[in-house]
Structure formats: structure tokens, C-alpha cells
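The next block holds one structure in the form of C-alpha cells; read it before the comments.
Everything numeric in this text was worked out from a predicted model, so none of it was measured.
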Amino acid sequence: MTPTHTTITDTHQIQTSQGRLHAQSWSLPPAGADRQTPIILLHDSLGCIPLWRDFPQKLALATGHPVIAYDRLGFGRSDPHPGTLTADFILQEVTQIMPQVFAALDIDRFIACGHSVGGAMAVQAAVQFPDACQGLITMGAQVFVEELTLNGIRQAKLDFAKPENLSRLDKYHGDKSRWVMDAWTDTWLSQEFSQWHVRSELAQIRCPKLAVHGDCDPYGSVEHAHVIAAGCGRVEILTGIGHVPYREDEARTLDLIKAFISDIDH
């Protein structure tokens with residue numbers, strides 16, 4: 001039986017002051033399951049809900065917690081972004097958009113789980129909402145700018161300059177594909193973004209932390225995971241895994257998150 005047969009999946013349209021967001025939630029059928037703290041999934045620079053594949057359903061099944069994902073403005077089935085991303089787009093997402101998502105879905109506490117730049121957003125969420133955030137999980141996250149990341153982005157920019165490669169994104173982002181690609185590459189490669197980091201913010205986090213990272217990640221060294229987990233966190237380095245642990249080693253990633261959340265629950 002597939003996860004979609006054992007979870008309840010709901011679709012949500014969230015009207016924000018900046019535009020309409022498309023969101024989806026997965027929960028277990030038994031009464032009372034909705035009282036569990038939801039896990040908020042924050043996607044990467046090219047991501048959207050379908051690119052999580054069946055990970056959200058499996059995560060809900062593994063942990064017993066509801067899982068919520070949304071397409072950021074400009075991505076997936078959400079409205080187009082009205083402009084370009086500024087150098088502080090990560091903080092803006094957390095302070096301007098996420099509170100509107102929380103209000104629309106009646107969320108007063110959550111576990112933040114982010115992939116890649118979504119991991120940096122999860123970090124900021126733990127900082128900005130210290131009483132509401134019960135746990136922080138990152139997967140292949142970046143929390144500072146390093147040359148390894150920039151080299152990977154430069155190569156991606158070259159690859160996606162080919163129309164046949166860019167058109168692969170149309171399945172997920174429609175006519176927003178070019179904006180999505182430029183928002184990622186132009187922002188990260190800009191001079192304004194070159195000094196970005198969240199090291200000082202990490203020191204403020206009070207909730208438990210889990211940082212999962214592949215030792216073959218072309219978009220960030222394992223140092224990111226160690227920086228994230230410093231103090232009160234766990235580092236899990238997956239051997240032979242690249243940038244997408246939840247896809248490349250799904251079983252191991254789910255087991256790690258399940259154990260982490262089980263500790264929070266108890």
C-alpha cells in the first residue's frame with residue numbers, strides 16, 4: 001500500500017499580502033493526530049511540492065506528525081513573484097510570509113524542516129519563533145557562502161542556459177521557470193549576497209537541532225552541518241550521498257528524523 005493510501009492529503013490556497021500560495025498537508029487518519037506538532041517543509045532554490053515526491057507522506061507515516069509544505073511565491077503553483085529576490089530574501093520569507101502561513105493554517109507550534117536554502121529558512125524560523133519552534137531539521141542546508149556552493153551554482157547556470165534543460169523546470173513551475181532559475185543563480189552569485197551567513201543567528205536557537213548532510217554534496221561542505229548543530233544539535237553525515245539526502249538515502253534520512261522527533265515527543 002502506498003503512503004497516499006494511508007495518509008489524508010489536503011490542498012490549501014493561502015492568500016497573503018504578497019500573493020496566493022499553494023500548500024499541501026499530509027496527516028494520519030486517527031482522531032487526535034492533528035493535535036501533533038506539524039512538520040513544516042521548506043523547499044530548495046528550484047523546488048516545489050511535487051519535487052518532494054512521496055517524502056512528505058512517508059515522513060507523516062514515520063513520525064505520526066502532520067506534514068505541511070508550501071510553494072514559495074514564484075515557485076510551483078503559487079502566484080508569480082512580483083519582482084526579484086533581494087539579498088535578505090531568506091529572512092524576508094520567514095518574517096513576512098511564514099506568519100501568514102501560520103495564521104491561515106492555525107499553526108501555533110511547529111517543527112521546521114528545510115532542504116538546501118530551505119534549511120537556512122528553517123534556521124531563521126527557529127530563531128524568529130523560539131517559543132513556537134519545537135525542533136530544527138536541515139538536509140543539505142547552506143548557512144554561509146562558500147566557493148564550493150558558488151562553483152556548483154555557476155555550473156548549473158551554464159547547464160540551464162540550454163533551453164532543453166530549462167524546459168525541464170516547466171513541468172513544475174510553468175512559465176515561471178526562467179524567474180526561478182535566475183532567482184537562484186543571480187542572487188547567490190551577487191556581490192550583495194557574498195557575505196551572507198546565519199552563524200550569529202544559530203547561537204540564539206533554543207530547540208533541539210538535527211543536521212543531515214551528504215559527504216558528496218556538490219552545493220555545500222559538511223562544515224554546514226557542523227555549524228548548524230553546534231551546541232545542542234546532532235550531526236549526521238551520510239557517506240556517498242550528494243545534495244538530496246531525503247531522495248538519495250530516503251530510508252536512512254527518515255529513520256534519523258523519526259528518532260529525532262521521537263526524542264522531542266518524549
Side-chain angles (χ1 to χ4, degrees), residues 4 9-26 40-57 59 67-94 96-98 100-101 104-105 113-122 139-142 149-150 152-190 193 217-220 242-248:
T4 51
T9 305
D10 291 308
T11 299
H12 313 270
Q13 302 302 320
I14 301 171
Q15 191 61 47
T16 74
S17 57
Q18 294 90 333
R20 181 194 53 80
L21 300 179
H22 175 69
Q24 204 162 318
S25 60
W26 298 260
I40 308 296
L41 292 182
L42 298 162
H43 66 71
D44 65 300
S45 293
L46 299 182
C48 62
I49 292 169
L51 284 167
W52 288 109
R53 300 185 184 176
D54 59 0
F55 179 72
Q57 298 98 308
L59 185 58
V67 176
I68 298 169
Y70 72 94
D71 295 339
R72 296 200 300 274
L73 205 63
F75 297 81
R77 293 171 60 185
S78 289
D79 281 351
H81 193 285
T84 57
L85 293 186
T86 57
D88 63 345
F89 76 98
I90 294 168
L91 181 61
Q92 281 192 13
E93 182 70 28
V94 174
Q96 296 180 18
I97 301 295
M98 288 185 71
Q100 298 181 78
V101 173
L105 300 180
C113 180
H115 170 234
S116 192
V117 75
M121 292 176 180
M139 301 177 290
Q142 302 106 355
T149 308
L150 298 181
I153 293 172
R154 291 183 186 111
Q155 184 58 53
K157 189 176 179 69
L158 289 173
D159 293 342
F160 281 96
K162 301 172 183 176
E164 62 272 23
N165 289 339
L166 183 64
S167 66
R168 295 205 313 269
L169 295 179
D170 293 349
K171 175 181 177 182
Y172 303 104
H173 305 292
D175 58 8
K176 301 188 293 290
S177 294
R178 170 51 65 186
W179 182 91
V180 168
M181 175 53 56
D182 290 345
W184 175 37
T185 59
D186 292 353
T187 304
W188 274 82
L189 297 175
S190 69
F193 197 70
D217 190 335
Y219 292 106
H243 188 52
V244 194
Y246 70 86
R247 189 179 302 158
E248 298 172 57

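- For the residue pair Thr86 and Gln92, the shortest heavy atom distance occurs at OG1-NE2, 3.3 Å.
- Asp71 places no side-chain N or O within 3.5 Å of a backbone atom of Cys48 that could act as its donor or acceptor partner.
- For the atom pair CG of Leu51 and CZ of Arg247, the computed distance is 6.0 Å after rounding to the nearest 0.5 Å.
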Would you sort out whether Tyr172 and Val180 count as a side-chain contact (heavy atoms from CB on, under 4.5 Å), showing the intermediate values? CA-CA 10 Å; Tyr172 303 104; Val180 168; over 6 Å; no
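- The minimum heavy-atom distance between Gly119 and Ala141, with the atom names listed, is CA-CB, 3.8 Å.
- Contact check for Pro82 versus Leu73: side-chain heavy atoms found under the 4.5 Å cut-off.
- With Thr187 contributing its side chain and Trp184 its backbone, the two residues share no donor-acceptor pair below 3.5 Å.
- Counting heavy atoms from C-beta outward, Ile49 and Arg77 have side chains that stay 4.5 Å or more apart.
- Using modelled atom types, no side-chain atom of Gln18 and backbone atom of Ile97 make a donor-acceptor pair closer than 3.5 Å.
- In this structure, the side chains of Trp26 and Ile68 stay at 4.5 Å or more apart for every pair of heavy atoms.
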Working for side-chain contact (heavy atoms from CB on, under 4.5 Å), residues Leu150 and Phe193: CA-CA 11 Å; Leu150 298 181; Phe193 197 70; over 6 Å; no
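- Side-chain contact between Phe55 and Leu41 is present, with at least one heavy-atom pair separated by less than 4.5 Å.
- In this structure, the side chains of Phe160 and Thr185 stay at 4.5 Å or more apart for every pair of heavy atoms.
- For the atom pair Cys113 SG and Ile40 CD1, the distance stands at 10.0 Å (nearest 0.5 Å).
- Taking OG1 from Thr149 and CZ from Arg154, the interatomic distance works out to 10.0 Å, rounded to the nearest 0.5 Å.
- Checking side-chain atoms of His12 against main-chain N and O of Gln24 turns up no donor-acceptor pair under 3.5 Å.
- With hydrogens and angles disregarded, a donor-acceptor distance shorter than 3.5 Å links the side chain of Glu248 to the backbone of Gly242.
- Counting only heavy atoms from C-beta outward, the side chains of Lys176 and Phe75 never approach each other to under 4.5 Å.
- The shortest side-chain heavy-atom distance between Trp52 and Leu59 does not fall under the 4.5 Å cut-off.
- Under the side chain to side chain contact (heavy atoms under 4.5 Å, CB included) rule, Met121 has a single partner from His43, Arg72, Met98, which is Arg72.
- Looking at heavy atoms from C-beta onward, Lys157 lies in side-chain contact with Asp186 at the 4.5 angstrom threshold.
- Between the CG atom in Leu21 and the OG1 atom in Thr16 there is a gap of 5.0 Å [rounded to 0.5 Å].
- Smallest separation of non-hydrogen atoms from Gly114 and Ala122: N-CB, 3.9 Å.
- Between the side chain of Ser25 and the backbone N or O of Val67, no donor-acceptor pair lies under 3.5 Å.
- Not a single salt bridge (charged side-chain N to carboxylate O under 4.0 Å, His left out) links Arg53 to another residue, sequence neighbours left out.
- One side chain, Gln13 or His22, offers a donor N or O that lies under 3.5 Å from an acceptor on the other.
- Not one N or O on the side chain of Trp179 forms a donor-acceptor pair closer than 3.5 Å with the backbone of Thr84.
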